[in-house]
Amino acid sequence: MKITGNKMAPNIFLAIATVIVVFAFSSCATRAMFLQSAVVPAAKGKVIIKEDGNNNFAIKVNINNLAQSKNLQPAKNAYVVWMVTNDTINTNIGQIVSSTGAFSSKLKASFETVSAFRPSKVFITAENEADVLIPYSAIVISTDFIGSK
């Protein structure tokens with residue numbers, strides 16, 4: 001009679017290791033919700049900030065129900081994502097584009113970038129041009145102060 005080891009042990013170990021890794025990576029991220037907007041009241045979203053091994057910050061923005069900028073009053077050509085650093089400097093970090101989801105009519109917008117600076121606040125304006133150096137329009141949607149992890 002041949003005695004075999006517990007075949008479930010490697011699977012249990014793998015499951016536990018996976019949970020630990022997922023928890024470790026998710027706990028390293030800072031999340032901030034966008035505040036209610038008077039300009040686009042249906043918009044809801046969040047910002048996720050993760051520090052990488054090079055002391056840079058990956059910034060990911062996800063928003064649902066963000067009306068297309070051309071439908072605003074007055075109509076604009078682009079949504080611009082800004083971050084405020086601890087030095088209170090507004091920095092244009094890129095353009096976010098809203099689109100309709102493949103299986104729904106819900107407007108979705110997402111944006112990702114990497115910065116050497118940690119944002120203390122993220123906000124979005126609607127602008128005539130995406131490459132502006134300072135915000136010319138009112139804030140469409142914004143986070144509150146983003147604390148450290």
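All residue numbers refer to positions in the sequence shown, counting from 1. Note that this is a predicted model, so its numbers are computed, not measured.
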Checklist entry - With V81, which of V47, T125, I124, T91 fulfils side chain to side chain contact (heavy atoms under 4.5 Å, CB included)? => result I124
Next on the checklist: Holding to side chain to side chain contact (heavy atoms under 4.5 Å, CB included), I want the full list of residues that pass it with V39, two or more places apart in sequence or in another chain.
Outcome noted: S37, L72, V140
Item to check | Closest contact, heavy atoms only, I146 versus P119 | outcome: CB-O, 4.1 Å
Checklist outcome for this item: The reported gap from OG1 in T113 to CE in M83 (rounded to nearest 0.5 angstrom) is 8.5 Å
Next on the checklist: Distance check, rounded to the nearest 0.5 Å: T30 atom OG1 versus E51 atom CD?
Outcome noted: 9.0 Å
Checklist entry - Linking Ile, Leu, Val, Met, Phe, Trp and Tyr by side-chain heavy atoms under 4.5 Å, what else ends up with M33? => result none
Checklist outcome for this item: dist K44:NZ -> N64:CG (nearest 0.5 Å) comes out at 10.5 Å
Checklist entry - What's the spacing between T143 OG1 and K46 NZ if we round to 0.5 Å? => result 14.0 Å
Item to check | Partner set under side chain to side chain contact (heavy atoms under 4.5 Å, CB included) for A43, not counting sequence neighbours | outcome: V40, I63, L66, I141
Next on the checklist: I need the R118 CZ to I59 CD1 distance, nearest 0.5 Å.
Outcome noted: 9.5 Å
Next on the checklist: Counting C-beta onward and ignoring hydrogens, is there a side-chain heavy-atom pair between D144 and K121 closer than 4.5 Å?
Outcome noted: no
Checklist entry - How many angstroms lie between atom CG of N77 and atom NZ of K70, to the nearest 0.5 angstrom? => result 10.5 Å
Checklist entry - How about F57: does its CZ atom have over 12 heavy atoms from other parts shown lying under 6.0 Å from it? => result yes
Checklist entry - Does any N or O in the side chain of S69 come within less than 3.5 Å of the main-chain N or O of K76, such that one atom is a donor and the other an acceptor? => result yes
Checklist entry - Which heavy atom in E127 sits nearest to a heavy atom in P135, and how many Å separate them? => result OE2-CA, 3.5 Å
Item to check | Hydrophobic cluster partners of Y136 (side-chain heavy atoms under 4.5 Å) | outcome: V80, W82, V84, F123, V132, I134, I139
Item to check | Considering all heavy atoms, the nearest A126-S137 contact | outcome: O-OG, 2.6 Å
Item to check | Sequence-distant partners of D87, side chain to side chain contact (heavy atoms under 4.5 Å, CB included), two or more places apart | outcome: T85, I89
Checklist entry - Would you say N54's side chain and N56's backbone share a donor-acceptor pair under 3.5 angstrom? => result no
Checklist entry - To which residues is I48 joined in a hydrophobic cluster, defined by side-chain heavy-atom contacts under 4.5 Å among Ile, Leu, Val, Met, Phe, Trp and Tyr, whether direct or through other members? => result none
